[in-house]
Amino acid sequence: MGKIQSSEELMNYISKMNSDNSVFQFSIPGKGKFTLVLQEEDEKSIQFEAEENPELKRMLKESQEQYENKRAMTTSEFLNSLSKKDFM
């Protein structure tokens with residue numbers, strides 16, 4: 001675990017992070033212990049993925065229409081509709 005004494009030192013560690021070195025545990029005196037995790041930078045949005053995949057776009061549109069027309073149920077409604085008998 002690294003001990004960080006300045007913001008410059010922390011920025012130096014961050015600048016060296018990459019996919020092979022993606023987790024950094026450190027402590028800051030007077031603040032506590034931290035774990036810094038580098039995540040992928042280019043996460044695709046659902047909209048972007050739907051534009052790339054016509055089938056996904058169709059499914060999302062259909063699902064949205066069913067919800068708007070009250071032909072669907074929420075996750076809570078679905079879970080409440082299940083009983084132990086459904087799993088036997």
Side-chain angles (χ1 to χ4, degrees):
M1 177 174 297
K3 192 172 189 177
I4 301 297
Q5 299 294 331
S6 69
S7 57
E8 291 81 17
E9 189 177 355
L10 178 57
M11 288 307 296
N12 185 37
Y13 278 102
I14 292 172
S15 68
K16 293 178 183 176
M17 294 178 81
N18 57 36
S19 58
D20 294 326
N21 179 26
S22 62
V23 178
F24 175 53
Q25 293 182 325
F26 60 97
S27 66
I28 298 177
K31 291 291 182 185
K33 296 177 181 178
F34 298 85
T35 300
L36 184 64
V37 179
L38 176 68
Q39 295 182 339
E40 289 292 325
E41 195 172 305
D42 295 334
E43 290 187 25
K44 293 181 179 178
S45 69
I46 292 174
Q47 182 179 356
F48 180 80
E49 290 186 11
E51 293 300 326
E52 286 188 331
N53 184 337
E55 181 66 12
L56 177 60
K57 186 174 185 176
R58 183 197 60 76
M59 289 169 53
L60 289 170
K61 184 178 180 187
E62 183 179 293
S63 176
Q64 192 171 24
E65 288 171 354
Q66 287 180 356
Y67 180 77
E68 290 169 358
N69 295 324
K70 308 282 190 229
R71 291 184 297 168
M73 61 175 68
T74 66
T75 303
S76 296
E77 291 170 336
F78 173 70
L79 292 175
N80 288 333
S81 74
L82 298 175
S83 71
K84 289 183 180 180
K85 293 178 186 176
D86 294 318
F87 298 97
M88 292 183 178

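Just so it is clear, the structure is predicted and the values come from calculations on it, not from any experiment. In what follows, every heavy atom counts, from backbone to side chain, and hydrogens, waters and symmetry copies are set aside.
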Looking only at heavy atoms, which two atoms of Ser22 and Met17 are closest? And how far apart?
O-CE, 3.3 Å
Thr35: what forms a side chain to side chain contact (heavy atoms under 4.5 Å, CB included) with it, not counting sequence neighbours?
Val23, Gln25, Val37
Within the supplied structure, the quantity of interest is the number of heavy atoms (other residues, nucleotides, ligands) at a distance under 6.0 Å from Met11 CE; does it exceed 12?
no
Whether over 12 other heavy atoms sit under 6.0 Å from Glu77 CD
yes
Considering all heavy atoms of both residues, which atom of Ala50 and which atom of Lys57 are nearest to each other, and what is their separation?
O-CB, 3.4 Å
Could you tell me whether a side-chain N or O of Asn18 sits under 3.5 Å from a main-chain N or O of Asp20, the two making a donor and an acceptor?
yes
Joint hydrophobic cluster, Met59 plus Tyr67, side-chain heavy atoms closer than 4.5 Å
no
Supply the atom-to-atom distance Glu51 CD to Leu56 CG, rounded to the nearest 0.5 angstrom.
10.0 Å
To the nearest 0.5 Å, atom CG of Leu60 lies from atom CD of Glu55 at 10.0 Å
Just wondering, more than 12 heavy atoms not from Ile46 lying within 6.0 Å of its CD1?
no
Leu36 side chain reached by Tyr13 side chain, heavy atoms, under 4.5 Å:
no
Apply side chain to side chain donor-acceptor pair (under 3.5 Å) to Glu68 and list each qualifying residue two or more places apart in sequence or on a separate chain.
none
Distance (rounded to the nearest 0.5 Å) between Asn12 CG and Ser7 OG:
11.5 Å
Is it true that, when you exclude Phe34 itself, more than 12 heavy atoms of the residues, nucleotides or ligands shown sit nearer than 6.0 Å to its CZ?
yes
Reported CD1-to-NZ distance for the pair Ile28 and Lys3, which is rounded to 0.5 angstrom
11.5 Å
Using a 3.5 Å distance criterion without hydrogens, assess whether the side chain of Asn53 forms a donor-acceptor pair with backbone atoms of Glu49.
no
At what distance, to the nearest 0.5 angstrom, does OG of Ser19 lie from CD of Gln39?
13.5 Å
